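Each remark here refers to the structure printed beneath this line.
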Amino acid sequence: MDFSFVLVAITGLALVLWLTDRLVVAPKHKRAVAAGGEPRPRAKVFEYAAAFLPVLLIVLCARSFLYEPYRIPSGSMRPTLEVGDFIFVNKFVYGLRLPVTNTRIVELGSPRRGDVVVFKLPSDSSANFIKRLVGLPGDVIEYRNKRLSINGEPVQVDMPMPRSGESPFSLRQAEEMLGGARHDIYFMPGQRGREGVFEVPAGHYFVMGDNRDNSRDSRYPGVGFIPEHRLVGRAERIWFNWAVGSMPEWSRIGDPIR
């Protein structure tokens, strides 16, 4: 279910009821009272609409144009984001967009390489994914042997030495420099993810998960290149963490997302 559509629909219904009450029902009631008729009680539905409309408008505007909360459901962005992280996504950093259609009406900025972005899946507009933006329009991305190259230039990766006796399927961590900023990634030497060369079309972006061997991203069919109009915003901060079956990780609250 598209929550934006539901919110817009409910707000629109409340607005229609409020206008009907103000422009039709209330004047008719006043004329009846002025003519000596008995005043009728106001319908509850109009009272509810008048009471909830301001709240709905505030929530709709804040969620559509400022910040929107999301919950991380999978480990594809580990170690940057853990399952159960609740995050705030900046909706205006790439421009103001209309709710539901996601049409940009005011241009304020452009996505940058290395941003952690939320986007609507090209094959399913009701599904929101979160990945790291790796490729800009026109870039040529190559991913082979766990190493990433952009336009023929290898991306800097600092990889720690494996521990003695460590399994090739053990999860390992490395530090990657992308877009002028460092972030950690996970990989498993003994597991193969999809490799290849990917040329990013105009108006599209290439995204990857930080958990490189456990991420459904632009390397795979069903995700592919992300059209500009599918971008929702940039993930900026963790505001809570709680995964079912475990205690909240209080130390993650307030952490910036890099």
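As the structure is a prediction and not an experimental result, all values here were calculated from the model.
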Practice prompt. Look at the side-chain heavy atoms of Ile, Leu, Val, Met, Phe, Trp and Tyr, link any pair under 4.5 Å apart, and say whether Ile10 and Leu60 land in one connected group.
Written response: yes
Item to complete: Would you mind listing the cluster partners of Phe119? Hydrophobic ones only (ILVMFWY), side-chain contacts under 4.5 Å, chaining allowed.
Response: Val93, Tyr94, Val117, Leu121, Phe129, Leu133, Leu136, Tyr205, Val207, Val223, Ile226, Leu231
Worksheet item: So, does Arg113 use its side chain to make a donor-acceptor pair with the main chain of Gly179 at under 3.5 Å?
Response: no
Item to complete: Could you identify which residues cluster with Ile72, counting Ile, Leu, Val, Met, Phe, Trp and Tyr as linked when any side-chain heavy atoms lie under 4.5 Å apart, either directly or through a chain of such contacts?
Response: Tyr70, Met77, Leu81, Ile87, Val89, Val116, Val118, Ile130, Val232, Ile238, Ile257
Worksheet entry | Carboxylate-amine/guanidinium proximity below 4.0 Å for Lys120 and Glu228 | no
Practice prompt. Assign the ring pair Phe206 / Phe198 to parallel, tilted or perpendicular, where the plane angle (0 to 90°) is split at 30° and 60°.
Written response: tilted
Item to complete: Identify whether Phe86 and Phe88 are in the same connected component of the hydrophobic contact network (ILVMFWY, side-chain heavy atoms under 4.5 Å).
Response: yes
Discussion item. Please determine whether the number of non-hydrogen atoms from other residues, nucleotides or ligands lying under 6.0 Å from atom CZ of Phe5 exceeds 12.
Written reply: no
Item to complete: Verify ring pair (Phe, Tyr, Trp, His ring centres under 6.0 Å) between Phe65 and Phe92, making sure each step is shown before the conclusion.
Response: CA-CA 6 Å; Phe65 303 121; Phe92 61 85; over 10 Å; no
Worksheet item: Taking atom types as modelled and ignoring hydrogens, do the side chains of Glu176 and His183 form a donor-acceptor contact shorter than 3.5 angstrom?
Response: yes
Discussion item. Is there a continuous path of hydrophobic side-chain contacts, each under 4.5 Å between heavy atoms, that joins Phe46 to Leu19?
Written reply: no
Discussion item. Salt bridge or not between Arg258 and Glu236? Use side-chain N to carboxylate O under 4.0 Å.
Written reply: no
Discussion item. Under 4.5 Å between side-chain heavy atoms, counting indirect links through other Ile/Leu/Val/Met/Phe/Trp/Tyr residues: same cluster for Ile58 and Phe52 or not?
Written reply: no
Discussion item. If the condition is side chain to side chain contact (heavy atoms under 4.5 Å, CB included), which residues does Leu13 pass it with, not counting sequence neighbours?
Written reply: Leu17
Worksheet item: Is Asp217 reaching over with its side chain to a backbone N or O of Gly209, donor-acceptor style, under 3.5 angstrom?
Response: yes
Worksheet item: In this structure, which one of Gln191, Arg194, Lys146 forms a side chain to side chain donor-acceptor pair (under 3.5 Å) with Asp213?
Response: Lys146
Worksheet item: Does a salt bridge link Glu195 with Arg219, judged by any charged N lying under 4.0 Å from a carboxylate O?
Response: no
Discussion item. Between Asn214 and Asn211 (side chain of the first, backbone of the second, donor and acceptor by atom type, cut-off under 3.5 Å), is there such a pair?
Written reply: no
Fill in: Whether Arg237 side chain and Gly254 backbone form a donor-acceptor pair below 3.5 Å
yes
Item to complete: Give the cluster check for Tyr143 versus Leu178: same hydrophobic cluster or not, with ILVMFWY residues linked at side-chain heavy-atom distances below 4.5 Å.
Response: yes
Item to complete: Look at the side chain of Ser64 and the backbone N and O of Cys61, then say whether any donor-acceptor pair between them is shorter than 3.5 Å.
Response: no
